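Report on one structure; see the data block that follows.
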Amino acid sequence: MHQIDLDLLKKSAHWRKNITFSQDVLGKTFHFSSTWGIFSPEKLDDGSLMLLDYIDFQHDDNSIDLGCGYGVLGMTASRECPNGQHLLIDKDFVAVEYAKLNCKNNQLHNANVQLSNGFYHVDKTQKFSLVMSNLPAKASKEQHYLYLLDAYEHMTTGGRFYVVTINGLRDFMKRSFSEVFGNTTKVKQGKTYTVTLAVKD
């Protein structure tokens, strides 16, 4: 009978524990817990950090973090926009549990986290002045369009939708934002990622 290597078993016990780290976000430290299987579990990904550098946060913004992962975009909005309410959503129940834990551990009392496939499970009456997303490159074109169309319906007039994508998707974002919102702005293009903005008129 085959015996699994004891060293591998010891490592697996360690891998099952929460990954914890602290990282500076816009000049202040957040403490994070995550796990294997969630996107970028050991440190904040460069795309999200780039996006946060270019979002124009307003104190009274009500925001939604679309595809929140373990929560950095929504957590930052919660801290930077203290007079607003902030919703973090993800279709991965594991990500939702860790986003809830991170909001609690960082004492963010104006943030709520819920499981939702895009906007499908979000209260139809909720409106947002700020939508943020680190859009996954592997999502289908149809899924991206649904995100944009549903966001438009949930946004207030003058609301801003910021996305960060890999550069290979920047032309698609320019086209789809223009189709849905009637406008698009390339806020910043780096070596790997592009931040794009649309405003609801």
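Along the sequence shown, residues carry numbers from 1. Excluded from the calculations below are hydrogen atoms, water molecules and symmetry mates; all remaining heavy atoms, backbone and side chain alike, are included. None of these values were measured; they are calculated from a predicted model.
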> Which residue pairs pass the ring-ring contact (aromatic ring centres under 6.0 Å, His included) test when at least one of the two sits in residues 102-149, sequence neighbours left out?
Replying inline: F119-H154, H144-F172, Y145-F172
Give the minimum heavy-atom separation between [X] and [Y], together with the two atoms involved.
{"X": "A95", "Y": "D90", "value": "CB-CG, 3.9 Å"}
{"X": "T29", "Y": "S22", "value": "CG2-CB, 3.9 Å"}
{"X": "K174", "Y": "S178", "value": "O-OG, 2.8 Å"}
{"X": "A99", "Y": "V113", "value": "CB-CG1, 3.8 Å"}
{"X": "Q85", "Y": "N112", "value": "OE1-ND2, 4.3 Å"}
{"X": "Y70", "Y": "P41", "value": "CE2-CA, 4.2 Å"}

> Going by distance alone, is a donor N or O of one side chain under 3.5 Å from an acceptor N or O of the other, for D61 and S63?
Replying inline: no
>> Can you see whether N18 engages S33 through a side-chain donor-acceptor pair at a distance of less than 3.5 angstrom?
In response: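 Side chains of N18 and S33: no pair found under 3.5 Å.
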Could you tell me the separation between the [atom1] atom of [X] and the [atom2] atom of [Y], rounded to the nearest 0.5 Å?
{"X": "N106", "Y": "F30", "atom1": "CG", "atom2": "CZ", "value": "5.5 Å"}
{"X": "D65", "Y": "L73", "atom1": "CG", "atom2": "CG", "value": "4.5 Å"}
{"X": "W15", "Y": "L8", "atom1": "CH2", "atom2": "CG", "value": "5.5 Å"}
{"X": "K28", "Y": "T76", "atom1": "NZ", "atom2": "OG1", "value": "10.5 Å"}
{"X": "K43", "Y": "Q23", "atom1": "NZ", "atom2": "CD", "value": "8.0 Å"}
{"X": "K91", "Y": "C68", "atom1": "NZ", "atom2": "SG", "value": "12.5 Å"}

Any heavy-atom pair between the side chains of [Y] and [X] that's under 4.5 Å?
{"X": "Y193", "Y": "T165", "answer": "no"}
{"X": "C81", "Y": "H59", "answer": "no"}
{"X": "L135", "Y": "M173", "answer": "yes"}
{"X": "N183", "Y": "F177", "answer": "no"}
{"X": "M75", "Y": "N102", "answer": "yes"}
{"X": "K186", "Y": "L197", "answer": "no"}
{"X": "V122", "Y": "I89", "answer": "yes"}
{"X": "M132", "Y": "F161", "answer": "no"}

If only atom types and distance count, is the side chain of [X] paired as donor or acceptor with the main-chain N or O of [Y] below 3.5 Å?
{"X": "N167", "Y": "G190", "answer": "yes"}
{"X": "R16", "Y": "A13", "answer": "no"}
{"X": "T185", "Y": "V187", "answer": "no"}
{"X": "T194", "Y": "Q189", "answer": "no"}

Within one Ile-Leu-Val-Met-Phe-Trp-Tyr cluster: [X] and [Y], side-chain cutoff 4.5 Å:
{"X": "V131", "Y": "L146", "value": "no"}
{"X": "F32", "Y": "L26", "value": "yes"}
{"X": "V94", "Y": "L88", "value": "yes"}

>> Determine whether L101 and N105 satisfy the following criterion, side-chain contact (heavy atoms from CB on, under 4.5 Å), listing intermediate values before the conclusion.
In response: CA-CA 6 Å; L101 178 63; N105 288 345; 3.5 Å; yes
>> Other residues, nucleotides and ligands only: do more than 12 of their heavy atoms fall within 6.0 Å of CD1 on I4?
In response: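 No, because the 6.0 Å sphere around CD1 of I4 holds 12 heavy atoms or fewer from other groups.
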> What do you reckon, is CG of L6 surrounded by more than 12 foreign heavy atoms closer than 6.0 Å?
Replying inline: no
Using distance only, find each side-chain donor-acceptor pair of residues 48-57 under 3.5 Å and give its atom names and separation, not counting sequence neighbours.
residue	atom	partner	partner atom	Å
S48	OG	D45	OD1	2.8
S48	OG	D45	OD2	3.3
S48	OG	N134	ND2	3.0
D56	OD1	Q58	NE2	3.1
D56	OD2	Q58	NE2	2.9

> Passes side-chain contact (heavy atoms from CB on, under 4.5 Å), S133 versus Y162? Steps please.
Replying inline: CA-CA 7 Å; S133 188; Y162 288 90; over 6 Å; no
> Which is it for L87 and Q114 under the side-chain contact (heavy atoms from CB on, under 4.5 Å) test, yes or no, and what are the steps along the way?
Replying inline: CA-CA 8 Å; L87 180 62; Q114 75 172 72; 3.9 Å; yes
>> Applying the side chain to side chain contact (heavy atoms under 4.5 Å, CB included) criterion to S129, which one of T157, I64, T156, D60 satisfies it?
In response: T156
> Between D171 and R175, does at least one N-O distance fall below 4.0 Å, as a salt bridge requires?
Replying inline: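 Salt bridge: no.
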>> Quick check with a 6.0 Å cut-off and a 45 degree axis cone: is K200 positioned over the face of Y152's six-membered ring?
In response: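 The answer is yes, since K200 meets both limits relative to Y152.
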